Amino acid sequence: MHHTQINLVEINEKIKSKINDLSLSEYNPKVIAVSKTFSEEDIIPLIEYGHCDFGENKVQEAQKKWQKLKKLNKNLKLHMLGKLQTNKVKNAVEIFDFIHSLDSLKLANKISNEIHKKSKKIKIFIQINLGGEKQKSGIEPSDLEEFYNSCKALKLDIIGTMCIPPDSQNPKHFFKDLMQLNKKINLPEISMGMTNDYLDALEYGSTYLRIGTGIFGKRTK
């Protein structure tokens, strides 16, 4: 087996074990293999293994790597995880199936215009800046309900919320906050948990785990 396949199998086993510990029989979170900076040589073994969900942080890199792969593999789902600039929305809508980083009304309007032009369905997460970090994107937690209603008015398919906890703090506090915010607007999906904390995220109902290093290894770029 390729090393990425071995790593994915181990991660899936850890997820199953954690779900058993939590006594949650009908809980089936998805793993997004975050393939930013990694080549097709690393990605293809996972596709051959049957993995469908992959994540990228940059539109241009995604276009180069995934246009051909998606044509050859119709069941693949590509997730935009990084900050999305409004001038990249047109290209993002063409290549991605999910956007996890909706963080402003300006961006929401731009996405709405593009998806309705192309009649394309894209599932979207609202990114929330739970740590109040200036260097990170996301709307303020107190603005969530108003922002969500504005997105609904734009006919965006908002399926959940997303967060990236501060590096220096216990993520569980932020995972709990996101779970509660998600419940407040009654959304089915939560995007939280990465290589170092995905098992913690399961305790708070994450449905999409964004795992890069744990699957592909450390990035050299």
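For clarity, every value in this text was computed on a predicted model and none was experimentally measured.
Around atom NZ of K65, more than 12 heavy atoms belonging to other residues, nucleotides or ligands sit under 6.0 Å away. Open room surrounds NZ on K176; 12 or fewer heavy atoms of other groups in view lie less than 6.0 Å from it. Summarising the local packing, CD of E94 is surrounded by more than 12 heavy atoms from other residues, nucleotides or ligands at distances under 6.0 Å. Annotation for K90: atom NZ does not count as buried by contact number, only 12 or fewer foreign heavy atoms lying within 6.0 Å. Heavy-atom neighbours of K14 NZ from other residues, nucleotides or ligands within 6.0 Å: at or below the threshold of 12.
Between F125 and Y208, the two ring planes are perpendicular [angle over 60°; tilted spans 30° to 60°]. In this structure, H51 and F54 have perpendicular ring planes: the angle between them is above 60°, well past the 30° mark.
Salt-bridge annotation for D103 and K83: present, with a side-chain N of the basic residue lying under 4.0 Å from a carboxylate O of the acidic one. Salt bridge absent: K36 and E61 never bring a charged side-chain N and a carboxylate O closer than 4.0 Å. Salt-bridge formation is not detected for the pair K77/D53: no Lys NZ or Arg NE/NH1/NH2 atom is positioned less than 4.0 Å from an Asp or Glu carboxylate oxygen.
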Intermediate values then yes/no, salt bridge (charged side-chain N to carboxylate O under 4.0 Å, His left out), E203 and K172: CA-CA 9 Å; E203 295 178 29; K172 287 189 178 187; 3.4 Å; yes
Intermediate values then yes/no, ring-ring contact (aromatic ring centres under 6.0 Å, His included), Y49 and H2: CA-CA 10 Å; Y49 182 72; H2 192 268; over 10 Å; no
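Residues satisfying the side-chain contact (heavy atoms from CB on, under 4.5 Å) test with K183, not counting sequence neighbours, are M179.
Side chain to side chain, T4 and D42 fail the donor-acceptor criterion of an N or O pair below 3.5 Å. Donor-acceptor pairing under 3.5 Å is recorded for the side chains of E189 and T207.
Two rings, from F96 and W66, have their centers 6.0 Å or more apart. Ring pair F216/H3: centre-to-centre distance not below 6.0 Å.
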